[in-house]
Amino acid sequence: MEGGFGLAFNSVLQVARLRLPSNDKSFCFPLPRARINAELKELRVCTNRTCRRQGSMQILETLSSLAPPEVAVKSCGCLGRCGAGPNLVALPDGVVVGHCGTPARASEILMVLCGIKSDHDAAKNLEALALRKRAEAEFEKANFSEADRFLSQAIELKPFGGIHVLYKDRCLARLTMGNFSAALEDVREALELAPNYTEAYICQGDVFLAMDQYDAAEKSYSTCLQIDPSIRRSKSFKTRIGRLQENQTAANKP
């Protein structure tokens, strides 16, 4: 890495001023690290025309995959530094970061903003993400054991963000192979890392449904709805609920 991770703010991050409407403050480089990572809640990546041409959509995808569950990643409009893009802003402090043009830079920047110690290798995050994508490709080809293998390798790398997604994905692979106990263990790991992860609750419900534990499945699906009521409109969620109700009715017949 150029200049070493310890020099990341000097060699990687280009921070512009951003005026915050709420308290009329503006911040610029350098900032104390404690101020940057203490309340990091959201990252917004500019996907306006110039930043998009500079690769911001790839950066948005990378950050969405690598971010810890407590940090939301969203797209946004122009941040006013079109010549220094792709740009992103860390909220609520309003730190604007420029020149985030590659997945490697995105991983480095995310680690700095989250206050991750320098002994954590940023490259491992990208390696884990690459393994996840390979697992997704194998899953689509119905090679579930290979998907399980790639996801296990990714989990062993211990990336600082996105690991809850890896556990959820491995749960799906193991559920499809009929390994229910291992699938439940994985989804519990995912929910321990990300207690409001709706996809994990859906997976948990699917495992319980496959195990004919209908009350437990209903509880998982209901928890998912409590977190995000809009999921009720999802066609796939309606199908799950319909299947659950059919099985419940059949099980209750004399």
Side-chain angles (χ1 to χ4, degrees), residues 1 5-6 8-9 12-13 15 33-47 55-76 86-93 95-97 99-136 147 150-173 185-203 227-228:
M1 183 184 305
F5 186 82
F9 272 144
V12 178
L13 303 187
V15 182
R33 176 165 302 188
R35 183 59 181 275
I36 291 177
N37 65 59
E39 296 182 351
L40 181 63
K41 299 296 183 184
E42 186 174 316
L43 291 172
R44 295 185 185 180
V45 180
C46 174
T47 55
S56 65
M57 294 303 295
Q58 182 185 24
I59 301 306
L60 177 63
E61 179 184 3
T62 299
L63 290 173
S64 297
S65 299
L66 296 180
E70 66 273 12
V71 178
V73 179
K74 301 178 181 179
S75 63
C76 70
N87 298 306
L88 61 89
V89 60
L91 299 174
D93 275 349
V95 180
V96 178
V97 182
H99 298 294
C100 183
T102 67
R105 291 292 197 225
S107 180
E108 294 170 9
I109 289 167
L110 183 61
M111 288 182 65
V112 172
L113 292 174
C114 290
I116 305 300
K117 295 181 179 179
S118 59
D119 57 357
H120 191 112
D121 188 356
K124 286 186 178 181
N125 303 322
L126 296 178
E127 186 178 350
L129 179 56
L131 286 166
R132 177 185 160 195
K133 290 184 178 297
R134 293 180 68 180
E136 289 173 353
F150 286 134
L151 291 166
S152 296
Q153 291 175 6
I155 290 170
E156 288 174 4
L157 290 172
K158 297 181 180 179
F160 80 90
I163 193 168
H164 60 296
V165 181
L166 296 172
Y167 276 115
K168 183 267 298 180
D169 286 351
R170 193 171 70 173
C171 168
L172 285 175
E185 183 178 343
D186 277 348
V187 78
R188 285 168 182 155
E189 288 284 352
L191 289 171
E192 183 175 345
L193 292 164
N196 292 322
Y197 189 22
T198 55
E199 291 185 36
Y201 281 108
I202 290 175
C203 288
I227 297 170
D228 184 4

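Distance check: Cys46 SG to Ile59 CD1 gives 12.5 Å after rounding to the nearest 0.5 Å. Distance check: Asp228 CG to Glu199 CD gives 10.5 Å after rounding to the nearest 0.5 Å. Note: Asp186 CG to Leu151 CG = 9.0 Å, rounded to the nearest 0.5 Å.
With sequence neighbours left out, Asn196 forms a side-chain hydrogen bond (donor to acceptor under 3.5 Å, both in side chains) with no residue at all. Residues satisfying the side-chain contact (heavy atoms from CB on, under 4.5 Å) criterion with Glu192, sequence neighbours excluded, are Glu189.
Residues Asn125 and Ser107 bring a donor and an acceptor atom of their side chains to less than 3.5 Å of each other.
In terms of heavy atoms, Pro86 sits closest to Gly101 at CD-CA, 3.6 Å. In terms of heavy atoms, Cys203 sits closest to Leu172 at SG-CD2, 3.5 Å. Minimum interatomic distance between Ala154 and Pro159 (heavy atoms only, all atoms of both residues): O-CD, 3.5 Å. Counting all heavy atoms, side chain and backbone alike, Ala190 lies closest to His164 at CB-O, 3.5 Å.
Between Glu136 and the options Lys133, Arg132, Arg134, a salt bridge (charged side-chain N to carboxylate O under 4.0 Å, His left out) holds for only Arg132.
The residues Glu127 and Lys124 are annotated as not salt-bridged, no charged nitrogen and carboxylate oxygen being separated by less than 4.0 angstrom.
Side-chain contact between Leu126 and Thr62 is present, with heavy atoms from C-beta onward closer than 4.5 Å. Counting heavy atoms from C-beta on, the side chains of Glu42 and Lys74 come closer than 4.5 Å. Within the 4.5 Å cutoff, no side-chain heavy atoms of Leu91 are placed close to those of Lys41. Contact of the Ile227 side chain with the Tyr197 side chain is not registered, since no non-hydrogen atoms from C-beta on lie closer than 4.5 Å. When side chains are defined from C-beta on, Leu110 counts as touching Leu43, because their heavy atoms get closer than 4.5 Å.
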Sequence neighbours excluded and cut-off under 3.5 Å, please list the side-chain donor-acceptor pairs for residues 63-71, or say none.
unit_1, atom_1, unit_2, atom_2, d
Ser64, OG, Leu60, O, 2.7
Ser65, OG, Glu61, O, 3.0

